[in-house]
Amino acid sequence: MMGPIVMPGDKYDVIIIGGGPAGLTAGLYASRARLATLLIEELIPGGQAAVTHQIDNYPGFPGGISGEKLMESFKQQAESFGLEIAQGRVERLTLNGDHKGIRTDDKEYTAKAAIIATGSRPNNLGVPGEEKFKGKGVSYCATCDGAFFRDAEIAVVGGGDSAIKEALFLTKFARKINVIHRRSELRAEKVIQEKALGNEKIEFVWDSVVEEIGGEKMVEYLNLKKVKGDERVRLKVEGVFVYIGNRPNSDFLQGVIELDEKGYVKAGDNTETSSPGIFAAGDVRTKLLRQVATAVGDGATAAMAAEEYISRAE
Ligand code: NAP
């Protein structure tokens with residue numbers, strides 16, 4: 001059982017949970033507003049954007065920029081205005097009057113306001129073999145693992161921006177990429193679709209789902225099934241990259257603030273949540289479009305909303 005959080009007085013005005021584009025932008029704006037600001041990140045700052053090999057639709061970078069580089073500059077810029085960054089996995093957020101208590105795996109913090117910017121994580125396929133072969137041919141990150149598949153035949157599952165962009169990236173390494181999609185039409189941005197449909201290394205397997213990932217020690221094949229009818233085929237591949245959407249990193253918020261039925265934090269464009277002094281920015285909140293460009297807007301708004309909340313409370 002966790003004990004109560006002790007509050008000797010808030011060291012921080014604002015604590016930001018999550019260091020992707022939304023969190024880092026909130027950190028920049030809050031620090032420039034001279035709020036004592038701590039950002040807590042579980043892994044390395046940058047979030048999912050940092051493992052995107054190339055970001056082509058963030059304004060200001062004609063020709064695109066690597067996600068890693070872009071996120072490194074976000075971090076440097078925020079730190080140059082005084083943002084403090086700590087590593088830790090936030091396990092609990094508690095409300096105690098005007099104070100927000102944040103407990104990580106090994107520390108406790110309190111602040112006057114909190115900004116949730118924990119983003120989302122990739123969905124699993126949930127088929128036999130997926131768990132067994134994670135890291136042994138099953139991957140959710142082409143930037144991290146693509147180079148292991150030089151000259152190999154592989155598969156990408158999904159038809160959204162992530163699947164198609166990452167399939168294109170994987171053409172740098174793999175000999176052939178089979179994109180397995182459950183419909184016969186892609187969801188991805190048209191400009192990305194056009195590139196992929198015209199790429200000779202990419203083959204589309206339409207109207208099909210993965211039923212099983214098989215092999216001995218490493219992935220050797222996928223068992224596929226047509227969505228309509230009973231037709232089944234075995235596709236020999238050495239690896240499979242899964243890009244079938246994301247789910248929000250909001251488990252630690254259950255029962256603390258209002259979430260929608262999919263677990264996204266209920267918050268509008270002003271980033272206010274159901275609990276005063278707690279704001280939500282970026283992919284973790286309910287919104288129409290989840291992009292770096294929209295995450296950045298949320299981060300700036302959340303920092304300003306937090307500043308206003310703190311000055312009203314004082
Ligand atoms: P997404 O847009 O939700 O697409 C998920 C894809 O996976 C869809 O094609 C979906 O099929 C398919 N899918 C979902 N569940 C499946 C299942 N159980 N089995 C098989 N297929 C399944 O996810 P995303 O591509 O990761 O993108 C997430 C967000 O990030 C989006 O807002 C996207 O625009 C954004 N993003 C943007 C960029 C960019 O450069 N613009 C890059 C990456 C991500 P259906 O089409 O049939 O639903």
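Everything quoted here is computed from the prediction, not taken from an experiment. Both counts, for ligands and for their atoms, begin at 1 and track the order of listing.
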Looking at [atom], what's its closest protein heavy atom, distance included?
atom                    : answer
atom 47 (O) of ligand 1 : Arg183 NE, 2.7 Å
atom 2 (O) of ligand 1  : Arg187 CD, 3.5 Å
atom 34 (O) of ligand 1 : Asp161 OD2, 2.6 Å
atom 18 (N) of ligand 1 : Ile244 CD1, 3.8 Å
atom 40 (O) of ligand 1 : Lys165 CD, 3.2 Å
atom 37 (C) of ligand 1 : Gln291 NE2, 3.1 Å
atom 31 (C) of ligand 1 : Arg290 O, 4.2 Å
atom 11 (O) of ligand 1 : Arg182 NE, 3.1 Å

Under 4.0 Å to a heavy atom of [X] - the qualifying atoms of ligand 1, by number:
X      : answer
His181 : 9 (O), 11 (O), 45 (P), 46 (O), 47 (O)
Glu189 : 41 (N)
Asn246 : 26 (O), 28 (C)

Check the surroundings of atom CD in Gln54: do more than 12 heavy atoms from other residues, nucleotides or ligands lie under 6.0 Å from it? yes

Give a yes or no on whether Lys136 atom NZ has more than 12 heavy-atom contacts from other residues, nucleotides or ligands under 6.0 Å away. no

Does any N or O atom in Gly160 lie less than 3.5 angstrom from one in ligand 1, N or O only?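 N/O-N/O distance below 3.5 Å exists for this pair.
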
Answer yes or no: does an N/O atom from Val157 fall short of 3.5 Å to an N/O atom of ligand 1?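 Looking only at distances, the answer is no, because the N/O contact criterion of under 3.5 Å is not met.
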
Report the residue from Arg234, Glu211, Arg232 that forms a side chain to side chain donor-acceptor pair (under 3.5 Å) with Asn223. Arg234

Name the one of Thr271, Thr273, Asp269 that satisfies side chain to side chain donor-acceptor pair (under 3.5 Å) with Arg285? Asp269

Should [X] and [Y] be counted in the same cluster of Ile, Leu, Val, Met, Phe, Trp and Tyr side chains packed under 4.5 Å apart?
X      : Y      : answer
Phe61  : Val51  : no
Ile164 : Leu289 : no
Ile17  : Leu95  : yes
Phe148 : Phe241 : yes
Leu224 : Phe133 : yes

Any idea how Phe169 and Phe173 line up, ring-wise: parallel (<30°), tilted (30 to 60°), or perpendicular (>60°)?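 Ring orientation of Phe169 relative to Phe173: perpendicular.
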
Main chain of Ala22, side chain of Asp298: is a donor-acceptor contact present, judged purely on distance under 3.5 Å?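 No, because the side chain of Asp298 does not come within donor-acceptor range (under 3.5 Å) of the backbone of Ala22.
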
Where does Asn57 meet ligand 1, judged by heavy-atom distances below 4.0 Å: at the side chain, the backbone, both, or neither? side chain

Among Ala293, Ser162, Ser208, closest by any non-hydrogen atom to atom 25 (O) of ligand 1: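 Going through Ala293, Ser162, Ser208 one by one, Ser162 has the nearest heavy atom to atom 25 (O) of ligand 1.
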
For atom 9 (O) of ligand 1, which of the options Gly126, Gly64, Gly245, Gly159 provides the nearest non-hydrogen atom?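 It is Gly159 that holds the nearest heavy atom.
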
Assess Glu185 for proximity to ligand 1: is some non-hydrogen atom of it under 4.0 Å away? no

